[in-house]
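Inspection log for the structure reproduced underneath, given as structure tokens.
This structure is a prediction, so every number in the text was calculated from the model and none was measured.
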Amino acid sequence: MDIADVAARAGVKPSALRYYEELGLIAADSRKGLRRQYDASVLDRLALIAMGRRAGFSLRDIANIFGPASAAQADFTLDRDRLLSRAEEVDHRIRELAILSRALRHVARCQAPQHSQCPTFRKMMDSALQHPDRSLR
């Protein structure tokens, strides 16, 4: 597949593909003139890269998990322990965001004349000062 075809099918710019190649995330099979050619399996690898980005992995993290790309894009293994660790981090962040969502809804619906007079809101503010990294518990 030509680089333009891969870019169109994967929804990324050709410059991103070239950058992914620099990082060792993907590898071109060959060239036709100056244009890179890829095996169709590169799309699977690009899908995994997109999933990793959505999960909060940096491109360098993803490169470390995949290992170096080869022209045979399907030849890669994933660091399962690292994936499990990241899944735990994602689950933790989801719990934190759920707490934040409940807090925001409470503040928005609170009937106190001033937010500073709401005992629940005061508790949230006190907690934020005591535990800045986990303020809405």
Side-chain angles (χ1 to χ4, degrees):
M1 295 176 64
D2 181 84
I3 188 169
D5 296 331
V6 172
R9 291 185 64 188
V12 297
K13 294 180 180 181
S15 60
L17 295 175
R18 289 188 289 274
Y19 182 61
Y20 291 174
E21 208 170 321
E22 279 179 41
L23 295 176
L25 289 165
I26 62 173
D29 288 341
S30 62
R31 290 183 183 262
K32 278 190 181 173
L34 296 175
R35 297 180 68 89
R36 291 170 168 85
Q37 302 294 307
Y38 297 92
D39 182 85
S41 65
V42 73
L43 295 172
D44 290 341
R45 197 160 174 115
L46 290 169
L48 288 170
I49 292 167
M51 289 171 61
R53 296 290 292 157
R54 285 188 203 110
F57 284 93
S58 71
L59 290 174
R60 296 206 189 282
D61 287 339
I62 294 168
N64 289 335
I65 290 170
F66 283 174
S70 65
Q73 302 290 327
D75 289 344
F76 64 90
T77 57
L78 301 174
D79 182 338
R80 293 170 195 258
D81 290 335
R82 187 143 185 201
L83 292 174
L84 288 172
S85 174
R86 183 54 66 125
E88 290 298 322
E89 291 173 22
V90 169
D91 289 343
H92 178 74
R93 185 69 179 139
I94 288 168
R95 287 189 298 274
E96 289 178 334
L97 289 172
I99 291 167
L100 175 60
S101 176
R102 286 193 301 273
L104 292 172
R105 289 179 197 288
H106 173 81
V107 171
R109 294 179 181 143
C110 182
Q111 297 301 311
Q114 297 289 323
H115 288 85
S116 61
Q117 296 172 354
C118 171
T120 303
F121 186 66
R122 294 290 327 161
K123 184 178 172 184
M124 285 183 230
M125 291 185 356
D126 291 343
S127 179
L129 291 176
Q130 293 170 4
H131 308 285
D133 59 333
R134 50 189 174 109
S135 58
L136 298 174
R137 305 251 176 223

Return yes when atom CZ of R60 has more than 12 non-hydrogen atoms of other residues, nucleotides or ligands closer than 6.0 Å, and no otherwise.
no
Side chain of Q114, backbone of A112: donor and acceptor closer than 3.5 Å?
no
Under 4.5 Å between any side-chain heavy atoms of R18 and I3, yes or no?
yes
Looking at D29, D2, D5, which one forms a salt bridge (Lys or Arg N to Asp or Glu O under 4.0 Å) with R35?
D2
How long is the span from the CZ atom in F57 to the CD1 atom in I62, to the nearest 0.5 Å?
7.5 Å
Counting C-beta onward and ignoring hydrogens, is there a side-chain heavy-atom pair between L17 and R36 closer than 4.5 Å?
no
Residue pair Y19 / K13, side-chain heavy-atom distance below 4.5 Å
no
Donor-acceptor pairs under 3.5 Å, side chain of residues 83-91 to any protein atom, not counting sequence neighbours: which ones?
residue : atom : partner : partner atom : Å
R86     : NE   : E89     : OE1          : 3.3
R86     : NH1  : G56     : O            : 2.9

Quick one: does I49's side chain get under 4.5 Å of L59's, heavy atoms only?
yes
With a 4.5 Å cut-off on side-chain heavy atoms, are D126 and K123 touching?
no
For P113 and Q117, work out which heavy atoms get closest and say how close.
CG-OE1, 3.1 Å
Check ring-ring contact (aromatic ring centres under 6.0 Å, His included) between H115 and all other residues, then give those that pass, not counting sequence neighbours.
F121
So does R31 have more than 12 non-hydrogen atoms from other groups sitting under 6.0 Å from CZ?
yes
Does any non-hydrogen side-chain atom of L48 lie less than 4.5 Å from one of D44?
no
Residue pair L46, R9: steps toward the side chain to side chain contact (heavy atoms under 4.5 Å, CB included) verdict
CA-CA 10 Å; L46 290 169; R9 291 185 64 188; over 6 Å; no
Work out which heavy atom in S58 is nearest to a heavy atom in R53; give both atom names and the distance.
CA-NH1, 3.6 Å
